[in-house]
Amino acid sequence: MTGRNENEKGNITLLGNAGTTYSSDYSPEVLETFPNKHTENDYFVKFNCPEFTSLCPITGQPDFATIYISYIPDKLMVESKSLKLYLFSFRNHGDFHEDCVNIIMKDLIRLMSPKYIEVWGKFLPRGGLSIDPYCNYGMPDTKWENLAWQRLSQHDLYPEKIDNR
């Protein structure tokens with residue numbers, strides 16, 4: 001890999017590995033990080049996962065969603081292939097929509113201690129009803145904690161039209 005020396009690569013083992021294994025159940029241990037080379041800058045990193053699936057914990061039926069993850073990194077960043085494998089691991093995991101987005105956020109906080117993070121799940125309707133849970137976190141006792149409250153308190157002030165899905 002060019003551009004990063006061995007110390008800058010962090011603990012990345014999945015990227016470039018041809019023998020990728022897809023877990024059949026929830027696997028937070030697949031998440032990997034690498035060092036943020038721009039800690040002097042505050043910036044957002046956004047991931048869009050339009051093919052997220054999980055299972056209803058009651059009926060076992062599949063639920064489909066787009067998961068949006070935005071974060072402001074501190075010292076560590078999540079490696080995208082490991083994030084893809086992690087999100088894929090929800091495929092056979094049974095949890096309510098609200099639980100899935102909170103679990104994702106909490107796992108990423110434990111992994112990389114971001115300054116700020118938000119996770120928004122836009123689930124496709126089932127039974128004529130869509131559910132779009134949103135959660136966020138700002139590092140305590142910092143301006144990021146205030147940002148989290150501001151974004152949460154003003155979240156979805158302009159809801160989308162129903163005909164967009």
Side-chain angles (χ1 to χ4, degrees), residues 1-55 63-123 131-152 155-156:
M1 186 181 331
T2 60
R4 290 188 182 260
N5 65 38
E6 288 304 314
N7 290 335
E8 293 174 324
K9 291 178 189 173
N11 56 359
I12 296 173
T13 63
L14 297 170
L15 187 61
N17 182 343
T20 300
T21 302
Y22 289 86
S23 176
S24 62
D25 201 10
Y26 169 69
S27 299
E29 65 278 359
V30 302
L31 288 167
E32 295 183 341
T33 61
F34 62 94
N36 177 9
K37 290 173 62 174
H38 306 282
T39 56
E40 72 282 3
N41 297 342
D42 291 328
Y43 59 98
F44 268 103
V45 176
K46 184 174 184 180
F47 292 100
N48 304 312
C49 178
E51 299 175 344
F52 180 84
T53 59
S54 61
L55 298 177
D63 290 313
F64 301 90
T66 297
I67 300 290
Y68 299 97
I69 300 167
S70 295
Y71 74 98
I72 300 173
D74 192 11
K75 293 179 177 69
L76 297 174
M77 301 177 72
V78 65
E79 192 279 314
S80 60
K81 183 174 181 180
S82 75
L83 180 62
K84 176 184 81 166
L85 294 172
Y86 166 73
L87 293 173
F88 181 86
S89 79
F90 279 83
R91 184 177 180 93
N92 294 320
H93 180 73
D95 247 329
F96 292 116
H97 304 343
E98 299 85 352
D99 296 323
C100 288
V101 298
N102 277 281
I103 289 167
I104 292 166
M105 183 184 73
K106 289 176 181 178
D107 284 344
L108 291 172
I109 291 168
R110 274 190 293 277
L111 177 74
M112 60 182 173
S113 298
K115 294 176 182 178
Y116 174 82
I117 189 169
E118 58 189 31
V119 179
W120 192 354
K122 292 190 159 217
F123 286 80
I131 302 173
D132 296 346
Y134 170 88
C135 58
N136 72 1
Y137 160 88
M139 194 177 283
D141 302 319
T142 69
K143 63 184 176 183
W144 308 112
E145 184 175 39
N146 296 331
L147 176 66
W149 170 244
Q150 290 169 4
R151 288 180 72 102
L152 182 65
H155 174 71
D156 219 9

Nearest 0.5 Å, what's the [atom1]-[atom2] distance between [X] and [Y]?
| X | Y | atom1 | atom2 | value |
| --- | --- | --- | --- | --- |
| Lys46 | Glu118 | NZ | CD | 8.0 Å |
| Leu111 | Leu31 | CG | CG | 5.0 Å |
| Ile109 | Met139 | CD1 | CE | 9.5 Å |
| Phe52 | Lys122 | CZ | NZ | 15.5 Å |
| Arg110 | Met105 | CZ | CE | 10.0 Å |
| Ile117 | Lys106 | CD1 | NZ | 12.5 Å |

Problem set entry | Test item: Ser82 and Phe34 side chains (from C-beta on) under 4.5 Å apart, heavy atoms |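 With C-beta onward as the side chain, the pair stays apart.
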Exercise. Is there side-chain contact between Val101 and Tyr134, with at least one heavy-atom pair below 4.5 Å?
Worked result: no
Problem set entry | Residue pair Leu108, Leu83: steps toward the side chain to side chain contact (heavy atoms under 4.5 Å, CB included) verdict | CA-CA 9 Å; Leu108 291 172; Leu83 180 62; 4.2 Å; yes
Heavy-atom closest pair, residues [X] and [Y]:
| X | Y | answer |
| --- | --- | --- |
| Phe47 | Val45 | CE1-CG1, 3.8 Å |
| Tyr137 | Pro114 | CE2-O, 3.8 Å |
| Asn102 | Glu98 | ND2-O, 2.9 Å |
| Ser54 | Cys100 | OG-SG, 3.8 Å |

Problem set entry | Partners passing salt bridge (Lys or Arg N to Asp or Glu O under 4.0 Å) against Asp42 (at least two apart in sequence or in another chain) | Lys115, Lys143
Exercise. Does Glu51 CD have over 12 foreign heavy atoms under 6.0 Å away?
Worked result: no
Which atom pairs, donor and acceptor, lie under 3.5 Å between side-chain atoms of residues 64-78 and protein residues at least two apart or in another chain?
residue	atom	partner	partner atom	Å
Tyr71	OH	Val78	N	3.2

Distance-only donor-acceptor pairs under 3.5 Å for side chains of residues 87-95, two or more places apart:
residue	atom	partner	partner atom	Å
Ser89	OG	Ser27	N	2.9
Ser89	OG	Tyr86	O	2.6
Asn92	ND2	Ser24	O	2.9
His93	NE2	Asp95	OD2	2.8

